[in-house]
Amino acid sequence: MSAAPRYLALSGGVGGAKLASGLAQVLPTGALIVAVNTGDDFRHLGLTICPDLDTVLYTLAGLANREQGWGREGESWQVLDELGRLGGDTWFRLGDRDLALHLLRSQLLGQGLTLSQAITEMANRLSIHTEVAPLSDDPVRTLVETDQGLLEFQDYFVRRHCAPAVKALHFDGAAQAVLAPAIRRALDDPALAGVILCPSNPYLSIAPMLAVPELRQRLRQLQVPVIAVSPIVGGEAIKGPTAKIMRELGLQPSAVAISELYGDFLDLTVVDIQDAALATGDHFAVAPIVMKTIEDRVDLARRCLALVGHKH
Ligand code: FO1
């Protein structure tokens with residue numbers, strides 16, 4: 001009896017976390033591992049901030065701020081308000097409850113745990129049963145080359161509200177980074193039955209992961225289906241600056257451009273029903289990919305699993 005099938009999801013940002021949570025709801029415990037982008041991570045106020053990892057953890061734990069997608073639901077801002085009065089940096093909004101997670105992570109890392117070990121510990125304490133891991137425990141930092149100079153990711157994304165025009169993206173550290181142990185185990189696992197690239201920004205969330213050489217090589221060699229859900233619907237991003245960045249990089253924002261970006265390892269791109277006309281040939285599938293409700297996430301997760309051949 002072959003082992004139960006397992007699936008690897010690649011996720012960054014809010015859209016990625018939503019599909020990851022849909023997959024976690026549909027699949028039995030132990031059947032999913034979520035590899036998360038760390039290119040957005042940075043040191044701030046003496047803390048190690050890992051936005052994409054926290055967004056996945058909060059979303060899987062049902063604690064994510066439903067409006068924003070990041071940070072906590074039911075948040076308060078006493079610490080940040082007081083920090084502002086003390087002349088500290090308040091441009092990156094860290095709520096009181098959210099700060100607890102950052103303090104815990106910084107403590108665990110300070111005790112010598114790897115990022116993977118710290119995330120596993122935090123997931124356990126949040127009663128999350130889905131395996132979540134950074135793609136790599138080595139530092140990978142997205143740097144955004146813009147008309148206002150070379151910017152750290154959160155400076156570009158939050159402080160400057162993605163206003164600067166992007167000329168190029170650099171993923172500092174990616175070329176030397178190796179896969180986190182849990183991710184390598186997942187890719188080595190003969191029970192791996194498929195890989196799903198969640199609807200994350202291809203330039204800001206997926207590219208930093210693919211810049212880790214081992215990942216792209218392994219995805220190319222995989223004998224199981226690799227599919228991507230387009231984060232572009234009708235030529236626009238569902239959330240965030242994807243379409244703006246594509247235009248600034250001289251690319252036509254469309255679901256087709258997404259499939260071309262991953263052309264060397266991708267078997268299929270899932271596009272929204274609005275883009276059904278683009279879905280020519282057998283490398284595209286059409287499904288509702290805008291996730292407004294929990295049911296939408298579960299429905300899209302079921303469709304993705306069916307596309308990689310999962311038998312319920
Ligand atoms: N995004 C914002 O646009 N403004 C913020 O103040 C902000 C704070 C923040 C705090 C914790 C966290 O985990 C995420 C936060 N984000 C904020 C989102 C974050 O910048 C993005 O989610 C990722 O880095 C890109 O997907």
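All ligand and atom numbering here is 1-based and tracks the order in the structure. We number each residue from 1, following the sequence as shown.
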Could you check whether Arg218 pairs with Asp188 (Lys NZ or Arg NE/NH1/NH2 to Asp/Glu carboxylate O, under 4.0 Å)? yes
Pairwise, report which nitrogen or oxygen atoms of ligand 1 are under 3.5 angstrom from protein nitrogen or oxygen atoms, and how far apart they are.
unit_1	atom_1	unit_2	atom_2	d
ligand 1	6 (O)	Arg93	N	2.9
ligand 1	20 (O)	Gln154	OE1	2.9
ligand 1	24 (O)	Asp40	OD2	2.9
ligand 1	24 (O)	Gln154	NE2	2.8
ligand 1	26 (O)	Asp52	OD1	3.3

Answer yes when Arg6 and Glu131 have at least one side-chain N-carboxylate O distance shorter than 4.0 Å, and no when they do not. yes
Partner set under salt bridge (charged side-chain N to carboxylate O under 4.0 Å, His left out) for Asp138, not counting sequence neighbours: none
Is the closest basic N to carboxylate O distance between Glu214 and Arg184 below 4.0 Å? yes
Regarding Asp96 and Arg72, does a basic nitrogen lie under 4.0 Å from an acidic carboxylate oxygen? no
How long is the span from the CG atom in Leu104 to the CZ atom in Arg125, to the nearest 0.5 Å? 5.0 Å
